[in-house]
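Take a look at the structure set out below.
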Amino acid sequence: MNQRYLLCFLLGLALIIYGLPRLPLHETGLVYLFAVLWMGFALLVIGGNGAALLYKRNQTKTNAQFQSKHKREAKKVKRYVR
């Protein structure tokens, strides 16, 4: 799953690098609005995938910590059920 986030992050970055010089940011009207919205959506893609990469790393760390703590507590509990 992390590979997908990394791939989308890099593709979004490539879109920004490729599209920024070609966008008409010095125009007026709808052309300028399109350029600004396109940049905004590209930045949302980059930000969302970057956040997903960072969150996924922290989530796996906390899951491993929770599982190890749960195993330690399970050993302490006596089982009276057959």
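Counting begins at 1 with the first residue of the sequence.
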Is [Y] reachable from [X] through a run of I, L, V, M, F, W or Y residues, each pair having side-chain heavy atoms under 4.5 Å apart?
X: Ile17; Y: Leu6; value: yes
X: Phe9; Y: Leu43; value: yes
X: Ile46; Y: Leu53; value: yes
X: Leu44; Y: Tyr55; value: no
X: Phe34; Y: Leu20; value: yes

| Can you name the closest pair of heavy atoms from Cys8 and Val45 and give their distance? |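 Answer, listing the atom of Cys8 first, then Val45: O-CG1, 4.3 Å.
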
| Any idea which heavy atoms bring Ala35 and Leu23 closest together, and the distance? |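 Closest pair (atom of Ala35, atom of Leu23, distance): O-CD1, 4.0 Å.
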
| Contacts of Leu15 that satisfy side-chain contact (heavy atoms from CB on, under 4.5 Å) - sequence neighbours left out |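 By the side-chain contact (heavy atoms from CB on, under 4.5 Å) rule, Leu15 matches Trp38.
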
| Counting only heavy atoms not in Leu37, do more than 12 fall under 6.0 Å of its CG? |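 More than 12 heavy atoms, drawn from other residues, nucleotides or ligands, come within 6.0 Å of this atom.
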
| field | Test item: Leu10 and Asn49 side chains (from C-beta on) under 4.5 Å apart, heavy atoms | value |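 Result no, sub-4.5 Å side-chain heavy-atom pair not found.
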
| field | Nearest-0.5 Å distance, CG of residue Leu11 to CD1 of residue Ile16 | value |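 Going from CG on Leu11 over to CD1 on Ile16, the span is 12.5 Å.
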
